[in-house]
Amino acid sequence: MSDYLNELNPVQRLAAETTEGPVMIIAGAGSGKTRVLTYRIAHIMEKGNDAFNILSLTFTNKAAREMKERIAKIVGSKEAKNIWMGTFHSIFAKILRFEAEKLGYPSNFTIYDTDDSKSVIKDILKQLNLDDKVYKPSLVLNRISSAKNSLISAHQYANNPITQAEDRASNKPLLGQVYLAYQKRNFKSGAMDFDDLLYNTNVLLRDFPDVLVKYQSKFKYILVDEYQDTNFSQYVIVKQLAARFQNICVVGDDAQSIYSFRGANIQNILNFEKDYPDLKTFKLEQNYRSTQTIVKAASAVIAINKDQFKKNIFTDNEEGEKIKIIKSNTDNEEGQKVAASIYETHFTQQAHYKDFAILYRTNAQSRSFEEAMRKLNIPYRIYGGVSFYQRKEIKDVLSYFRLSINHNDDESLKRIINYPTRGIGQTTIDKIMLAAMEHDISMWQVLDNLKDFNIGINSGTALKISEFTTMIKTFSMMIPYKDAFECANHIAVTSGIVKDLYHDKTPEGVSRYENIQELLNGIKDFVEQERTPQEEELKGAIFNNNTEANPVELFDSPEQTVELKTLDEFMQEITLLTDVDKESEDEKNSDKVSMMTIHASKGLEFPYVHIVGLEENLFPSQMALNSRSELEEERRLFYVAITRAEKKATISFATTRYRFGNIIYCEPSRFIDELDEDCVDFPREPERAKFSDDAFVRSTRPFQKPMESIDFRTKGSDFNKAEPKQINFSPPKKLIPLAKRMAATNTPSDNSANANLRIGSVVEHEKFGIGEITAIEGVYPEAKASIQFRNSGEKNLLLKYAKLKVVM
DNA sequence: AGCCCCGGTGAAGTC
DNA sequence: CACCGGGGCT
């Protein structure tokens, strides 16, 4: 039975066997981290510990599911299922459901997604009479979110001189008031946003010592995966829970920390030792995933960062193919070339399409690849983007579910009170909202006690309202007694949504109808799955192991504990699914190329990986050029991208790209320069012959124009001024960076004629047609010309690149 | 109440 | 270019 440990290398094995006390495992990409975690948990159980006492926090629910499956093979599936394993959000949402009433929330609280939250913010801005152009809802929400993730309450925020000063400086002095109102509104609606799930867990553990003790005692062994991406709020939760037994094991790779934008703090892992002085650290440095070439290239890139643990990643795998670089002239051409490359490899290497991934920095880049793949009939699948559950028709149906579960959910109520149309118009809704606001109650409470509020609603409307509330109440009543599918189906039909969409014969209407059917099918699947033990456990068993806790009867009616998967359980499940989680079994097994952002690719691996859009201001993103730490995070992102590849990585960039309907000129990313040249396959373009051999020699001679000319990446940013010498833009041995050489090939050298253009010159552009130069800024080759085209409007073009013919 | 058109504005990443 | 929200018309 303990053979399993023999499948580990010595460090892995030690990491798995050291089950007691604080442990940190620094796990390089592809170093068998999941394997270690799996065996470690199995080992804890083999030593006689109960699965109920193990808490394992993962980055996606899918990772949790897969790990459970693997553990099940060692300890048996019955036991494995009992482990508390899932994302921070889903685990603590479950605990909060159980403890919610202590915090004044109902146990059936609604979880607001980002759209709901934004909608609440918009309402509040209206109510406070603030301009949503200044207080942009998404910015406001971000600010509130980072406050919560730093455990700063609305009250503290509103009274903190520092945040006040910051908000005044950004012309948003009332942000604190918005935060206060936002929390109040959500509380009143019985709703938590994503950050509240963590924030309120902290409140719970802070203010209810008995609860803290209960969970501290329960979770004797705690494991946290992807620890480098935890935020302060998560850090405190873990620290609190682990305080009693200190059997805390965190696993992570500082080199793969890529979520600081949502509050992740790389310092959590870098400083872990300070919190636990008797910490044992294990470094998993052998890579089992990738070729030597890939490992070497990735290591060279990440070595440029300053903030990191020293690691020596190596592999015994074969050397493998060099990294290929594809240069294109436009984003569409990039799509075509990448698709062609995949098509070719698919045949020459007899690779499956599912062996390929296209990874990009931003979702918006997917378009050109989709088009190209369609043209070549290559099957593909896109992760992310607008998720199924965000679609209008799906949100409408879900809003019925949500309102039936929690009547105070104002966001859902507003969505459906007049959909399908039932004669409750905007005027009426406004009156209801006003009354709710005045009395500090939810809209439902106004609707349900309409006669108590003299708000000038005529009897006809009052009747319609009462029909609506009655309908919702009947839905609510059936939820505990019927399974999720029966309820959902009943609601979808009775509410009139299905009918409404069925009669819509436009293609969009048909597709919406199909989506509703798909949702219902999904619910059917859910009903047929076995329930996870955690729900059962929360219904009572949780305290049986735990003598000092008070048994609490949350459910007294026996019907509710029978094996019946209800709609409210379904809703709890889906709100917290990640994109990767939403992938169905069929999709996973289908032979399709995967397309996703690099962020979404974390934890995945593919034999052939295409990393695309390697251009300055795109990757690294222009938003990351303001500080060293942001740039380092971009570099870690690049590191993550490269290390997804098992056999071969391909990198591509385009020299022009559409953005906001305009063509913009792009310079190859500095990250291309940072690759170890020995790992890169140079493109054999004929233009290369133009350069004398010594241009390619690593000479110390500064290169002449035009290559040396302008540096977009530093223009308009004070990045260099702020930290002039801190960053090594490229390793010193390559004085003529690869990317610049590549950019130079193919670039027409006769553009120097453009240096002679003057204001008033009339020129012809192959795309924009004829135009007149109205202004020139700077001196060639930096010169930028404003050209008024007769048919295409005014464009600002860099003369160095612009393909112009002089007309007169 | 619903539809359509216009204009303004905007794309980093996510539980 | 694409989307969304507002305003105006039917």
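Residue numbers start from 1 in every chain, and the chains themselves are labelled A, B, ... in the order their sequence lines are given, proteins ahead of strands.
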Side chain of [X] only, heavy atoms from C-beta on: which candidate in [options] is closest?
X	options	answer
A:Phe261	B:dA11, B:dA12, B:dG13	B:dG13
A:Ala600	B:dT9, B:dT14, B:dG10	B:dT14
A:Thr362	B:dC15, B:dT14, B:dA12	B:dA12

Does [N] have OP1 or OP2 sitting under 4.0 Å from an N or O in the side chain of [X]?
X	N	value
A:Lys602	B:dG13	no
A:Thr421	B:dG2	yes
A:Ser90	B:dC15	no

Just say parallel, tilted or perpendicular for the rings of [X] and [Y], cut-offs at 30° and 60°.
X	Y	answer
A:Phe88	A:Phe92	tilted
A:Phe619	A:Phe638	perpendicular
A:Phe59	A:Tyr259	tilted

So what does [X] touch, heavy atoms closer than 4.0 Å: a base, only the sugar-phosphate, or nothing?
X	result
A:Thr60	nothing
A:Gly423	sugar-phosphate
A:Glu634	base
A:Asn363	sugar-phosphate
A:Asn418	sugar-phosphate
A:Ile111	nothing

>> Could you tell me the boundaries of the chain A footprint on DNA chain C, defined by atoms under 4.0 Å from its heavy atoms?
In response: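 Contact span on the strand: C:dC1 to C:dG5.
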> Which sits closer to the 5' end of DNA chain B, A:Thr427 or A:Thr114, going by the nucleotide each is nearest to?
Replying inline: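 In this pair, the answer is A:Thr427.
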>> Return whichever of A:Gly425 or A:Leu577 has its heavy-atom-nearest nucleotide of DNA chain B closer to the 5' end.
In response: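 Here A:Gly425 is the residue nearer the 5' end.
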> Is the distance between the ring centroids of A:Phe261 and A:His599 less than 6.0 Å?
Replying inline: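 Yes, close enough.
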> Which of these passes side chain to side chain contact (heavy atoms under 4.5 Å, CB included) with A:Leu125: A:Leu130, A:Val134, A:Val120?
Replying inline: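 By the side chain to side chain contact (heavy atoms under 4.5 Å, CB included) criterion, A:Leu125 pairs with just one of A:Leu130, A:Val134, A:Val120: A:Leu130.
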